[in-house]
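One structure below.
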Number of protein chains: 2
Amino acid sequence: MSIENEELVAFFKVLADANRLKIVGLLAQRPYSGGELAAVLGLKASTVSHHLSRLAQVGLVSARAEGYYSIYRLEEKALQKTRLLFSHTNLVSVAAGVDVDGYDRKVIGDFTRPDGSLKEIPAQRKKLEAILRYVVRDFELGKRYSEKQVNEILSRFHEDTASLRRELVGAKLMEREAGGGEYWRI
Amino acid sequence: MSIENEELVAFFKVLADANRLKIVGLLAQRPYSGGELAAVLGLKASTVSHHLSRLAQVGLVSARAEGYYSIYRLEEKALQKTRLLFSHTNLVSVAAGVDVDGYDRKVIGDFTRPDGSLKEIPAQRKKLEAILRYVVRDFELGKRYSEKQVNEILSRFHEDTASLRRELVGAKLMEREAGGGEYWRI
DNA sequence: AAATCAATTCGATACATATCGAATTGATTT
DNA sequence: AAATCAATTCGATATGTATCGAATTGATTT
């Protein structure tokens with residue numbers, strides 16, 4: 001579905017050259033032989049051959065043999081594919097292979113000891129939130145905890161359980177019953 | 001009007017990198033700080049800064065200062081410009097600055113002596129046509145010539161005036177009066 | 001004022017590639 | 001069969017740039 005990431009990079013790499021763009025522009029008007037393109041662009045035949053080869057690799061141009069000439073033409077099919085290149089869904093899919101939890105993992109690595117406990121509670125908002133997401137994983141979803149139970153679990157991470165508890169609620173990762181006693185994970 | 005050639009090359013150059021594409025994909029979902037992007041992509045901050053700078057150069061992303069963070073976001077305006085990137089008229093305009101007569105000039109250089117006369121008459125069709133376009137320029141548009149006058153002009157280029165005359169008519173660069181005598185340039 | 005933090009800049013390095021000339025290939029013409 | 005021609009391939013060179021670490025900048029916090 002849509003266009004593979006590597007394929008997309010290759011596509012842009014091919015277009016990211018002034019002379020190849022000119023070739024595309026010329027072929028948009030009529031087919032050309034390699035020699036004609038070389039003369040028109042002021043390049044050597046070997047250079048043009050290289051460019052045409054790269055354009056062909058991504059399917060932008062195709063060649064037809066005619067005598068000892070090669071006549072190149074633009075591939076309309078490849079151009080149609082470009083219509084949706086910059087649509088939102090396609091852009092999002094570009095980031096699909098990315099490890100989106102990398103930031104949390106880095107922060108967790110910085111602030112935890114080998115046994116998983118916290119060296120300290122981060123003062124910075126973003127880092128604190130990453131740590132809170134880390135801590136909250138020890139609470140089961142759908143289960144209710146008394147304040148005492150909450151503190152016991154939090155004490156595995158840091159002695160300042162009151163702060164952790166308050167921040168977890170503030171960050172909307174846990175919720176507290178209106179009346180008083182019980183907590184649960186959101 | 002439309003998009004300048006150099007600007008277009010710069011645009012593709014910027015997109016022609018896997019990590020920059022990923023950044024675009026991530027920013028398509030929400031704004032990120034440089035540090036977050038570095039962590040998510042597994043790159044150093046300096047590298048990400050470099051990429052963001054290049055993306056900003058072509059207007060694809062913009063930065064907003066927040067504390068000592070820089071929050072980057074995708075520029076929707078730049079994305080809209082891409083809608084017509086691959087339209088026929090835009091592609092043709094890419095070749096606008098190109099010297100389309102380069103081929104003729106090359107052939108003419110190959111087949112003429114310093115005084116402008118022909119070393120020989122090309123046997124190959126394409127080259128012959130280029131030479132004929134060169135020769136026919138010595139005839140005025142709208143003026144009628146007798147066969148004798150035609151031969152006199154052609155003799156400046158080559159002794160085989162009969163061949164040149166016949167080819168000029170065959171290539172539809174000149175026309176001959178049905179009855180017989182006179183020629184004119186088309 | 002000093003320490004901290006993210007971002008940026010700078011210099012160095014490693015890798016990719018545009019371009020050319022020379023040699024080769026495949027086809028056509030003589 | 002030999003000569004000619006366009007195209008392609010190959011090797012070398014020069015340029016561009018992605019990446020990193022170190023140093024610097026600008027802002028915030030202590």
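Hydrogens, waters and symmetry mates are skipped; everything else that's a heavy atom, side chains included, is used. Quantities reported herein were computed from a predicted structural model and do not represent experimental measurements.
- Straight-line distance from the CG atom of Leu15(B) to the P atom of dA18(D): 12 Å, rounded to whole Å.
- By the 4.0 Å N-to-carboxylate-O rule, Arg165(A) lies too far from Glu167(A) to be salt-bridged with it.
- For Leu128(A) and dT29(D), the CG to P distance is 15 Å, given to the nearest whole Å.
- Sorted by first then second residue, the salt bridge (charged side-chain N to carboxylate O under 4.0 Å, His left out) pairs that include residues 176-186 of chain B, not counting sequence neighbours, are Arg144(B)-Glu177(B), Arg144(B)-Glu182(B).
- As rounded to whole Å, 15 Å separates atom C1' of dT17(C) from atom CG of Asp17(B).
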DNA chain C in dot-bracket form (Watson-Crick or G-U pairs under 3.5 Å, [ ] crossing, | inter-strand) is ||||||||||||||||||||||||||||||
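- Partners of Ala28(B) under the side-chain contact (heavy atoms from CB on, under 4.5 Å) rule, at least two apart in sequence or in another chain, are His88(A), Leu91(A), Val92(A), Leu74(B).
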Which donor-acceptor pairs under 3.5 Å do the side chains of residues 34-58 of chain A make with protein atoms, sequence neighbours left out?
{"residue": "Glu36(A)", "atom": "OE1", "partner": "Ser33(A)", "partner atom": "N", "Å": "3.0"}
{"residue": "Glu36(A)", "atom": "OE1", "partner": "Ser33(A)", "partner atom": "OG", "Å": "3.3"}
{"residue": "His51(A)", "atom": "ND1", "partner": "Arg20(A)", "partner atom": "NH1", "Å": "3.1"}

Where protein sits on nucleotides 4-17 of chain D, one letter per nucleotide: B base, S sugar-phosphate only, - none, heavy atoms under 4.0 Å:
-BSSBB-------S
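- What separates NZ of Lys22(A) from C1' of dA18(C) is a distance of 14 Å, to the nearest Å.
- When the nearest nucleotides of DNA chain C are assigned to Leu43(A) and Glu66(A) by heavy-atom distance, the more 5′-ward of the two goes with Leu43(A).
- A search for salt bridge (Lys or Arg N to Asp or Glu O under 4.0 Å) contacts involving Lys172(B) returns nothing, not counting sequence neighbours.
- Contacts of Ala18(A) classified as side-chain contact (heavy atoms from CB on, under 4.5 Å), with partners at least two apart in sequence or in another chain: Val9(B).
- Residues Tyr69(A), Ile71(A) make up the rest of the hydrophobic cluster containing Tyr68(A), defined by ILVMFWY side-chain heavy atoms closer than 4.5 Å, directly or through other members.
- Within the structure, ring-ring contact (aromatic ring centres under 6.0 Å, His included) pairs that include any residue of residues 118-151 of chain A comprise Tyr134(A)-Phe157(A), Phe139(A)-Tyr145(A) (at least two apart or interchain).
- Look at CD on Gln57(A): it is 15 Å from P on dA16(C), rounded to the nearest Å.
- As a whole-Å value, the separation of Leu55(B) CG from dA18(D) P is 10 Å.
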